[in-house]
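Naming: A, B, ... by sequence-line order, numbering from 1 per chain. Worth knowing before you read on, the calculation uses all heavy atoms, side chains too, and leaves out hydrogens, waters and symmetry mates.
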Number of protein chains: 2
Amino acid sequence: MSEPKPPGSDRKRSVTSYDVARLAGVSQSAVSRCYKPGASVSQKTRAKVERAAKALGYQPNALARSLITSRSNSVAVIISNLTNLYYPEVLAQLSQNFSQRGIRVLLFALESESEVDSALSQIWQYQVDGVVCAAKLTKDQITEFSDRAIPLLFYNRQAGSHAASAVCCDQADGSHVLCEGLLRAGHTSFALLKGPADSVVGTEREDSARAALERAGIETITELKGDFSYEGARDAIRRFMESDASLPDAIICVNDVSAIGAMDTLRNEFGVAIPEQVSVVGFDGVGPSGWSSFDLTTIRQPVRRMTRAAVDMILERVETPELANEKRVFSGIFMRGNSARIDMAD
Amino acid sequence: MSEPKPPGSDRKRSVTSYDVARLAGVSQSAVSRCYKPGASVSQKTRAKVERAAKALGYQPNALARSLITSRSNSVAVIISNLTNLYYPEVLAQLSQNFSQRGIRVLLFALESESEVDSALSQIWQYQVDGVVCAAKLTKDQITEFSDRAIPLLFYNRQAGSHAASAVCCDQADGSHVLCEGLLRAGHTSFALLKGPADSVVGTEREDSARAALERAGIETITELKGDFSYEGARDAIRRFMESDASLPDAIICVNDVSAIGAMDTLRNEFGVAIPEQVSVVGFDGVGPSGWSSFDLTTIRQPVRRMTRAAVDMILERVETPELANEKRVFSGIFMRGNSARIDMAD
DNA sequence: TTGAAAGCGGTACCAG
DNA sequence: CTGGTACCGCTTTCAA
């Protein structure tokens, strides 16, 4: 620290703790301490520093701080398809919860799961403290997290053999509840409007529904291929209606948007009455499922509790890296709408 | 740099350029150069470094880099209400465009506009290169951006007297087009389902609609208070229908979600036929506006072009800070649905 | 082309 | 409680 500070070399540098120190007439260390939560600074010093800081508009440089503390106070959130209508709420809640706890959110909104690699590469470089992931990762990718000792939490994805923590909605239970209700109401023929084959969430819901129906002795279940989207559902229903198959009593849809697409198409293109001729059920409890045109019978995911849990769990593991992974499963909430004839147990 | 490196002090440090240098048998500077685009490194050196880096799983620390270059390669995106159904697409597009250009996105999803201050404070500390803002800022807040020389771009908000750049959809023009079409089709009595009073986007649309109607000699326009949401629209319609006013020929809604709420309520609660008894128009062109239950007549915002422009403009200004602010206005696209009787000029 | 050394803006440990 | 000083991991002159 010689004195290469002859005024006149006014580069566009932003104001640093040294500037504040000089103006306040204290050491740079003193300034630093004023911004550290549990530090011991006298009232007088603190006051001088605060005045100087305000005068200069000083804000500590988070990057420099992170460099030395090796804590960036930021987490990455990876979401595979934001346009899914279910994720915006998740993201909003995550973002707000993290914000309240002073954590910045780096968003990676993937258009396709193939972009995962580039996202991860950015994540490694950026020294995030943890990652919340609502996309599928390969085993190797998951391993890299533990190698780098970065806490990873899956949101509604399987934590493949507990290599990471996870927060999930109980997909199987939700589907089960719906199927039981439909069976109890006397439905005997069923169709299953599925999601993309590579979606774990989707297949869990589908498998559970299939299992519940088969247990009840239902043997033929028409399977329709969808992709979580309105259009996918519409096309699937069109294909089905143009075949000569007869209408099932109920259609179990992999998610709400599919269910809405199915309802709309059945009603508006084929004049099918819902729920009189066909019962339709969904899954998720997204906003539009409550719109009066649909009034969908569905399972609502407790998004707020799930996101809060996700934030708690990941931050706990940032604080205490040796903490074991944990999986928390939340039951969905049955929403009785008017899109299905259904009898609940109680 | 003495040698305090007797093996055994294995702290959980991550692998640095020094580690790579040692393994590759070159200087740390050489390693650094290999990661700088236009640097001069011999083939041989580069090869050695690359092998070592791969072996160690080295990734440069972006924070350290940013500290010295004073470029974080990250931008902040501020969005006031992500649950708006219009914003998720915007956010997804912004995120993808930035990602492709190697820029990280820090997300600030505000629940209420009062959280702006805390978001800004985080933004200052984080040394972002630029900010895209879809929320209202005060004059002082805008000024702080120019004081700190951080490029700011508003998305669909007025850039108050050109203190910042902006990308907007032409709200006034869109409303105008819709009103003209409705007038041409012979509608003579109108209701305006408004947004929150403090929304600039909303009032622009409303003012333009009002002006177009008044120019055509329409004098009484029923104004209904909404808040951009389905529920707000539903409640407004209920209040209206429970008054003894007679149905207008057309309802001009401030956005699609309001329009959907209005349609649903009119149809399903009051048995009003749309568009036979009432025409309904919206604004935005969100996904659900195309669902067959609604098939909304609306103005679609060219989101992809707008977000691309936003990304281009902000990054241009990061590269070239002296660039003047700019405002780019995009015309919306008329979407002829079946929710309104409407005649277009051509 | 290469390596040495001086920082970027903080934090943390140290003696006083 | 305070100031001095060694770093965090990288980029960037500057000589060699």
Side-chain angles (χ1 to χ4, degrees), chain A residues 1-5 9 11-22 24-49 52-53 56-73 124-127 129 148, chain B residues 1-5 9 11-49 53 56-73 124-127 129 148:
Chain A
M1 220 55 48
S2 45
E3 72 271 89
K5 257 308 156 44
S9 65
R11 298 162 55 180
K12 208 187 288 152
R13 262 182 44 266
S14 58
V15 25
T16 76
S17 55
Y18 279 95
D19 302 325
V20 177
R22 198 175 315 122
V26 300
S27 76
Q28 183 270 340
S29 315
V31 177
S32 174
R33 283 191 207 98
C34 291
Y35 288 87
K36 194 197 165 174
S40 59
V41 194
S42 68
Q43 289 298 323
K44 250 177 66 179
T45 305
R46 183 179 294 280
K48 287 195 286 187
V49 169
L56 267 40
Y58 170 73
Q59 295 277 135
N61 181 325
L63 266 34
R65 172 180 293 168
S66 301
L67 189 55
I68 182 96
T69 58
S70 54
R71 279 277 300 268
S72 65
N73 292 312
W124 307 143
Q125 298 184 203
Y126 219 74
Q127 317 291 108
D129 295 334
R148 296 179 186 267
Chain B
M1 219 52 51
S2 44
E3 74 268 89
K5 257 311 155 44
S9 67
R11 297 162 55 180
K12 209 186 287 150
R13 262 182 44 264
S14 57
V15 27
T16 76
S17 55
Y18 278 94
D19 302 326
V20 176
R22 198 175 316 121
L23 180 60
V26 299
S27 75
Q28 182 271 339
S29 318
V31 177
S32 174
R33 283 193 204 99
C34 289
Y35 288 86
K36 195 195 164 179
S40 61
V41 194
S42 69
Q43 288 298 324
K44 248 176 73 179
T45 305
R46 184 179 294 280
K48 287 195 285 186
V49 169
L56 267 42
Y58 171 71
Q59 295 277 135
N61 181 325
L63 265 37
R65 171 180 293 169
S66 301
L67 187 55
I68 183 109
T69 58
S70 56
R71 277 278 299 271
S72 65
N73 292 312
W124 308 144
Q125 298 183 202
Y126 219 74
Q127 318 291 108
D129 295 334
R148 295 179 185 267

Between [options], spot the one nearest the side chain of [X], thanks.
X: B:S40; options: C:dG10, C:dT1, D:dT11; answer: C:dT1
X: A:L67; options: C:dG10, D:dC10, D:dC8; answer: D:dC8
X: A:I68; options: C:dC8, C:dG10, C:dT1; answer: C:dG10

Sidechain-backbone polar pair: B:S17 side chain, B:V31 backbone, donor-acceptor under 3.5 Å | no
DNA chain D contacts among residues 27-38 of chain A, heavy-atom distance under 4.0 Å = A:S27, A:S29, A:A30, A:R33
Toward the 5' end of DNA chain C, which comes first, A:Q59 or B:K44, by nearest nucleotide?
-> B:K44
Whole angstrom is fine here: how far is it from [atom1] in [X] over to [atom2] in [N]?
X: A:Y126; N: D:dC8; atom1: OH; atom2: C1'; value: 16 Å
X: A:N61; N: D:dC8; atom1: CG; atom2: C1'; value: 13 Å
X: B:N73; N: C:dC8; atom1: CG; atom2: C1'; value: 15 Å
X: B:Y58; N: D:dG9; atom1: OH; atom2: C1'; value: 8 Å
X: B:K48; N: C:dT1; atom1: NZ; atom2: C1'; value: 12 Å
X: A:Y18; N: C:dT11; atom1: OH; atom2: P; value: 11 Å
X: B:Q127; N: C:dG9; atom1: CD; atom2: P; value: 9 Å
X: B:L63; N: C:dT11; atom1: CG; atom2: P; value: 13 Å

Which residues satisfy the salt bridge (Lys or Arg N to Asp or Glu O under 4.0 Å) test with B:R148, sequence neighbours excluded?
-> B:E144
Just report the end-to-end axis angle for the helix from C:dT1-D:dA16 to C:dG16-D:dC1, five pairs per end, to 10 degrees.
-> 40°
With sequence neighbours excluded, tell me which residues meet side chain to side chain donor-acceptor pair (under 3.5 Å) with A:S27.
-> none
Mind checking what makes side chain to side chain donor-acceptor pair (under 3.5 Å) contact with A:Q127, not counting sequence neighbours?
-> none
Under 4.0 angstrom between A:S70 side-chain N/O and D:dC8 OP1 or OP2 = no
A:S66 vs C:dG10: side-chain N/O to OP1/OP2 distance below 4.0 Å | no
Would you indicate whether the side-chain heavy atoms of A:S72 and B:Y126 approach each other to under 4.5 Å?
-> yes
Between B:L67 and A:L67, which heavy-atom pair has the shortest distance, and what is it?
-> CD2-CD2, 3.4 Å
Acceptor/donor pairs from residues 56-63 of chain A side chains to any protein atom, 3.5 angstrom cut, sequence neighbours excluded:
from	atom 1	to	atom 2	distance (Å)
A:Q59	NE2	B:Q125	OE1	3.3
A:N61	OD1	A:L63	N	2.7
A:N61	OD1	A:A64	N	3.1

Here the gap from B:N73 atom CG to B:R65 atom CZ, rounded to the nearest 0.5 Å, amounts to 8.0 Å
Have A:S29 and A:S32 got a donor and an acceptor in their side chains that come within less than 3.5 Å?
-> no
